[in-house]
Amino acid sequence: MSGHETPAHELLEEPQGEKDDRPSSEKQSHTEEQHIPIEDPSNSTKLINRMEVGDLSLEVTQSPTVDTTGPRSEPCLSPKPSSSAEGMKPQEQGAKLKSMVGGAARRMARSGAGAVEAAAKYLHRPCDPASLAAVRIMFGVLMVLDVLQERGMGEADVRWGDPDACRFPLLPALAPLPLPGMLFLYASLLLGAAGMAAGWRWRASCGVFLLGYWYLLLLDKATWNNHSYLYGLLTALLLAAEPHACWSLDARREGGGGGRHVPFWNYFMLRAQVFFLYFMAGVKKLDPDWLRGHSMRHLGEQWVFAPFRLFVSTATIDYYIIHLGGFLLDLTLGPLLLWPPSRKVTLFFGAAFHLMNSQIFYIGMFPWVCLATLPLFCHCSWPRELLAVLPKLPRAPTPRVEANEREETTNEGVNRVGAKQNQGKKSSDGGEPPKKKKGKDDECKVLKTLKKNSNCFYSDGSGVSLRQKVSTVLVACYLLLQTVLPFSHSITKGFNTWTEGPYGYSWDMMVHSWDTLHVKVTAVTANGGHRVYVDPDRWVSSPRWSSHADMAVQYCRCVQSRLAALGHPVTALYLDVWKSLNGRFQQRIFDPTVNILEAPWSPWSETPWVLPLVKDLDHWRTRLYHQQEEDELSTSPVERIFVADFPGLTLENYLSTDLENVTLEVLKGVVVALLPCEGGGGGRLDDQEPRDGPENITAYQQQNGAGTPAHWKQLALRTHRSHEGLKETSERSSDYEKGTDFQKLLIGCHDLSMSLHRAQKSLKELAASIHVGTKGVSAHLCGAAEVRVCPVVVESGGSLTLPTGAFHSITTTSSSPAVYSYSFTNATLSVEEQRSYMASHSTADEPRGKGGLGLTDTSPSDGSNSNTQDGQPHTRPEDLDEQLGVEFPTFQDLIKFFKRKLTLFWRSGRLLAKACHCVLTNSCPKKG
């Protein structure tokens with residue numbers, strides 16, 4: 001510019017003297033300008049140029065006098081609402097707003113479509129199918145073994161042969177087939193798994209296996225576990241993928257040498273699922289019980305930890321290696337497998353982890369399936385390299401690279417690595433050539449020789465297809481589902497009991513350790529209102545139902561129909577289930593006063609008749625552990641059962657004559673023991689019932705002269721010195737009363753006399769009971785004999801010796817849960833047998849009748865273990881696999897292992913042959 005600077009308003013004005021030949025539409029859309037003179041505080045005139053662009057008005061303020069000597073004044077831009085927008089009608093403003101929103105939506109759609117297209121290109125890039133084929137072969141072989149073993153073909157007659165057995169399907173419409181039909185289903189599963197391993201008619205073989213497997217899994221929730229759920233997911237992912245593109249009968253029939261390309265999403269989805277397996281298991285182990293070491297105890301005694309026991313104690317192994325180590329391993333295994341520098345070390349620790357699990361737990365093919373899926377994180381051509389270094393084995397059909405093709409590939413690699421001229425000179429002058437990734441280069445060479453796949457994306461093609469975009473969206477939906485599903489328990493509240501949801505799909509592996517002490521099923525008959533006691537094991541093969549409210553409802557409805565078929569129609573069913581979760585006190589899980597047949601239950605709302613877990617007594621667990629260890633090391637081993645019961649509830653129990661020195665010791669709260677009296681004095685509650693509270697009961701007992709029968713060793717309150725360390729201190733009061741809604745639990749402290757009256761009536765009926773002895777049902781006649789009942793009050797710190805060979809009941813009368821223990825010795829076992837028994841059983845075995853807290857018969861006749869992982873044994877049952885324990889396995893153990901597997905094959909074949917024979921001869925047994 002010459003001499004002076006043009007003012008800003010002149011720069012914004014249209015040149016004078018020039019004719020505007022533009023159309024009127026362009027003139028209207030052009031920036032409009034107005035010159036409005038205004039007065040400023042210094043009485044100097046300024047020009048304001050207003051530019052209206054859409055709804056935004058910019059004012060350019062500039063002094064008309066330009067001072068060429070002073071500093072240049074910059075224009076001041078200030079937004080101001082547009083006058084044209086202010087003058088718009090509401091309809092016009094709405095149309096303009098709609099246009100703006102539509103434009104923003106179109107821009108977001110274009111960006112979203114661009115993201116989907118970029119993701120589709122990434123997920124559909126061609127890859128070598130060798131690793132996918134290797135996983136397919138291993139998974140198919142393992143599923144053949146799983147069908148015979150864990151799915152139960154080898155014991156199909158035991159599992160499905162009883163048509164009256166109670167099932168727990170996820171959907172009410174699901175029902176098992178007759179036994180021959182179930183055996184044919186198993187046969188189809190075997191053929192499907194074998195076809196998967198061979199890669200024969202892939203879609204048909206995998207589809208048949210997938211449908212049969214999920215039908216079998218959803219048929220019974222009592223058999224659910226996380227690894228069975230994992231098998232179903234992996235099968236579904238493999239069905240959608242193309243693992244038969246290489247080393248399969250299908251690939252051989254199609255020709256093409258080493259096979260054809262597969263899209264990368266085949267690997268991506270399987271890797272993501274295995275990543276979810278480990279990472280979600282680590283997230284679930286954030287549970288306080290796991291982090292404090294209460295979930296898995298005494299595992300350090302297993303033989304696999306023998307090298308660690310040379311340096312640290314078993315308790316240290318349990319906490320630091322099993323709990324903290326397992327938490328860190330699960331949480332970090334997935335991310336470390338994805339990071340190439342740490343992959344080799346992670347593969348070693350992952351393999352060691354699964355091999356140890358195969359020797360500690362009875363979890364079927366799960367460790368071996370995990371070992372088979374770990375190589376998915378390696379580069380796709382690893383099986384070809386592995387077979388190349390094994391000269392004695394037949395090599396895979398490795399594609400042949402011709403000389404000119406090899407030269408072309410080499411030149412392309414040089415051009416990619418050294419695009420610059422100086423780098424090419426450095427390489428040709430003898431400098432260090434750029435490093436190449438061997439696995440990537442080998443895979444690139446292999447890809448050049450494989451057949452192209454229409455499902456893959458190639459850069460020289462016509463772009464991303466609609467099918468590839470749809471598959472990309474489906475991949476995203478599956479990942480979202482697997483992220484949300486493990487935490488969906490806030491939606492399906494009806495499946496929550498003490499744990500979140502039904503066990504088996506949320507990856508909470510080994511977090512919850514259940515100990516079932518006592519299950520009593522009481523039915524009230526429609527004819528006469530008599531009470532009938534049902535054997536809890538009569539129509540079920542797994543105790544899992546007693547840990548979940550949804551299965552408890554299904555069980556009671558099934559028992560109702562079975563009793564009606566036997567001629568005993570019932571109107572009410574009550575469950576008295578005692579369990580311990582992660583080393584806590586034994587306590588009730590369901591309200592025993594609620595009729596389950598009429599109790600409300602919905603999958604979308606909380607179950608009101610589920611009693612809460614007493615967590616404010618968790619600080620007792622460490623002291624309980626110490627007490628149990630002292631009992632095991634004592635010269636006269638004493639077994640103890642620790643119980644916590646809610647106010648107003650009554651425990652009914654029968655003491656076997658095989659027990660000696662049975663003592664009730666109250667550690668916290670107040671209880672009233674009702675005992676049958678014989679001879680002597682002895683009061684009767686039906687003459688004068690207590691009014692309110694334990695003081696009246698004590699006065700009533702003294703007034704009526706309740707004495708001590710001759711066969712009782714002792715009936716007196718005394719202080720038990722050995723439990724002083726377990727007594728609740730007065731300084732540490734419980735806040736249970738503040739945090740519990742007794743109205744919600746249908747339990748009140750005001751109905752003490754009613755509770756005692758019910759206990760007295762029930763005890764008299766039990767004492768006069770007679771066994772029917774048919775179909776696992778026992779009944780009694782109310783009022784068949786006159787029984788005297790004596791009440792005894794036992795407060796915190798007191799103890800009472802109980803009579804054997806008789807019934808008794810314990811009613812909690814304090815305002816918070818009472819804590820007490822049973823201590824006893826088994827007269828039928830020697831000292832060595834008692835110690836061995838106590839070492840393998842933390843509590844008494846689950847009873848098989850109407851008795852009380854497992855005190856009817858504590859001899860380990862069946863060798864079962866009551867410690868379970870949500871109803872499933874977490875150590876090997878003796879009837880399936882011999883528990884290794886602390887002993888190192890020998891060659892004989894290996895021979896026994898193979899004999900068991902061969903026996904499963906042989907027995908499965910015999911059952912299938914019998915099913916074919918009965919179908920062909922029309923001699924299959926009819927139901928009913």
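- Electrostatic pairing of D330 and K284 does not count as a salt bridge here, judged by no charged N lying under 4.0 Å from a carboxylate O.
- Remark: side-chain polar atoms of Q587 are paired, donor with acceptor, to backbone N or O of P612 under 3.5 angstrom.
- Between D289 and R584, at least one side-chain nitrogen of the basic residue sits less than 4.0 Å from a carboxylate oxygen of the acidic one, meeting the salt-bridge criterion.
- S228 places no side-chain N or O within 3.5 Å of a backbone atom of W224 that could act as its donor or acceptor partner.
- The two residues H489 and N496 come nearest to each other via the heavy atoms O-ND2, 3.0 Å.
- Side-chain contact between L337 and L347: present, with at least one pair of heavy atoms (C-beta onward) separated by less than 4.5 Å.
- No donor-acceptor distance shorter than 3.5 angstrom exists from the side chain of S580 to the backbone of Q586, with no hydrogens or angles considered.
- Of all heavy-atom pairs between F590 and L611, the closest is O-CD1, 3.6 Å.
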Next item on the list: Evaluate side-chain contact (heavy atoms from CB on, under 4.5 Å) for L581 paired with H512, printing each intermediate quantity in order.
Entry: CA-CA 7 Å; L581 181 64; H512 303 121; 3.8 Å; yes
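- Using modelled atom types, no side-chain atom of R544 and backbone atom of T223 make a donor-acceptor pair closer than 3.5 Å.
- M280 and T483 make their closest contact through CE-O, 4.0 Å (heavy atoms, listed as atom of the first residue, atom of the second, distance).
- Listed for the T346 side chain is a donor-acceptor partner under 3.5 Å among the backbone atoms of S342.
- If you take NZ on K285 and CG on L329, they are separated by 9.0 Å, rounding to the nearest 0.5 Å.
- From W368, atom CH2 reaches atom CG of L142 across 9.5 Å, with rounding to the nearest 0.5 Å.
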Next item on the list: Decide side-chain contact (heavy atoms from CB on, under 4.5 Å) for I322 and F305; before the verdict, give the C-alpha distance in whole Å, the side-chain angles of both, and the deciding distance to 0.1 Å.
Entry: CA-CA 10 Å; I322 296 175; F305 296 105; 3.9 Å; yes
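- At distances below 3.5 Å, not a single donor-acceptor pair connects side-chain atoms of T663 with backbone N or O atoms of L800.
- Between the side chain of D318 and the backbone N or O of G300 there is at least one donor-acceptor pair closer than 3.5 Å.
- Contact of the Y278 side chain with the P335 side chain is not registered, since no non-hydrogen atoms from C-beta on lie closer than 4.5 Å.
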Next item on the list: Give the C-alpha distance, both sets of side-chain angles, the deciding distance and a yes or no for side-chain hydrogen bond (donor to acceptor under 3.5 Å, both in side chains) between Y625 and H294.
Entry: CA-CA 10 Å; Y625 299 156; H294 297 297; 3.1 Å; yes
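- Ion pair R151/D146 flagged as a salt bridge, since at least one NZ, NE, NH1 or NH2 atom sits closer than 4.0 Å to an Asp/Glu carboxylate oxygen.
- The NE2 atom of H354 sits 13.5 Å away from atom CZ of F349, with the distance rounded to the nearest 0.5 Å.
- The neighbour count for E150 CD, taken as heavy atoms of other residues, nucleotides or ligands under 6.0 Å away, is above 12.
- Between W290 and F327, the ring centre distance reaches or exceeds 6.0 Å.
- At a threshold of 4.5 Å between non-hydrogen side-chain atoms, the residues K579 and S547 count as touching.
- The nearest pair of heavy atoms linking P367 to N357 is CG-C, 4.4 Å.
- The distance from the CG atom of D220 to the CH2 atom of W545 is 13.5 Å, given to the nearest 0.5 Å.
- For the pair F366/N226, no side-chain contact is recorded, criterion being any heavy-atom separation below 4.5 Å from C-beta on.
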Checklist line | Step-by-step salt bridge (charged side-chain N to carboxylate O under 4.0 Å, His left out) determination, D550 to K221 | finding: CA-CA 10 Å; D550 58 309; K221 290 181 290 185; 2.6 Å; yes
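- Within the model, atoms CG of L355 and CG of L371 stand 5.0 Å from one another, a figure rounded to the nearest 0.5 Å.
- By the neighbour-count criterion of 12 heavy atoms within 6.0 Å, atom CZ of F487 is densely surrounded, having more than that number from other residues, nucleotides or ligands.
- F361 and H227 have their aromatic ring centers separated by at least 6.0 angstrom.
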Next item on the list: Might you work through the side-chain contact (heavy atoms from CB on, under 4.5 Å) test for L667 and F642, ending with a clear yes or no?
Entry: CA-CA 9 Å; L667 309 178; F642 295 93; 4.1 Å; yes
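- Looking at K668 and S816, their side chains do bring a donor and an acceptor atom within 3.5 Å of each other.
- Classified by interplanar angle (parallel below 30°, tilted 30° to 60°, perpendicular above 60°), the ring pair F585/W620 is perpendicular.
- The pair E665-R640 counts as a salt bridge, with a side-chain nitrogen and a carboxylate oxygen less than 4.0 angstrom apart.
- The shortest heavy-atom contact between R343 and L338 is NH2-O, 3.4 Å.
- A ring-centre distance under 6.0 Å is not found for W507 and F279.
- L234 places a side-chain heavy atom less than 4.5 Å from the side chain of Q273.
- Y555 and H548 share no donor-acceptor pair across their side chains, judged by distance under 3.5 Å alone.
- Note on D618 versus K615: no salt bridge recorded, every NZ/NE/NH1/NH2 to OD/OE distance being 4.0 Å or above.
- Of the candidates V671, I641, V794, Y820 forms a side chain to side chain contact (heavy atoms under 4.5 Å, CB included) with just one, namely V671.
- Distance check: L517 CG to Y822 OH gives 10.0 Å after rounding to the nearest 0.5 Å.
- Residues R588 and D576 are paired through a salt bridge, judged by an N-O separation under 4.0 Å between the basic side chain and the carboxylate.
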Check: Which is it for V662 and L659 under the side-chain contact (heavy atoms from CB on, under 4.5 Å) test, yes or no, and what are the steps along the way?
Finding: CA-CA 7 Å; V662 182; L659 306 179; 3.8 Å; yes
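- A heavy-atom distance below 4.5 Å is found between the side chains of L233 and Y229.
- In this structure, the side chains of S823 and N661 stay at 4.5 Å or more apart for every pair of heavy atoms.
- Judged purely by atom type and a 3.5 angstrom limit, S656 uses its side chain to pair as donor or acceptor with the backbone of D658.
- The shortest distance between side-chain heavy atoms of H518 and V577 does not fall below 4.5 Å.
- Taking both residues in full, the closest heavy atoms of E606 and P608 are given as O-CD, 3.4 Å, listed atom of the first, atom of the second, then distance.
- Not one N or O on the side chain of T812 forms a donor-acceptor pair closer than 3.5 Å with the backbone of P817.
- Looking only at distances, no side-chain donor or acceptor of Q482 sits under 3.5 Å from a matching main-chain atom of F276.
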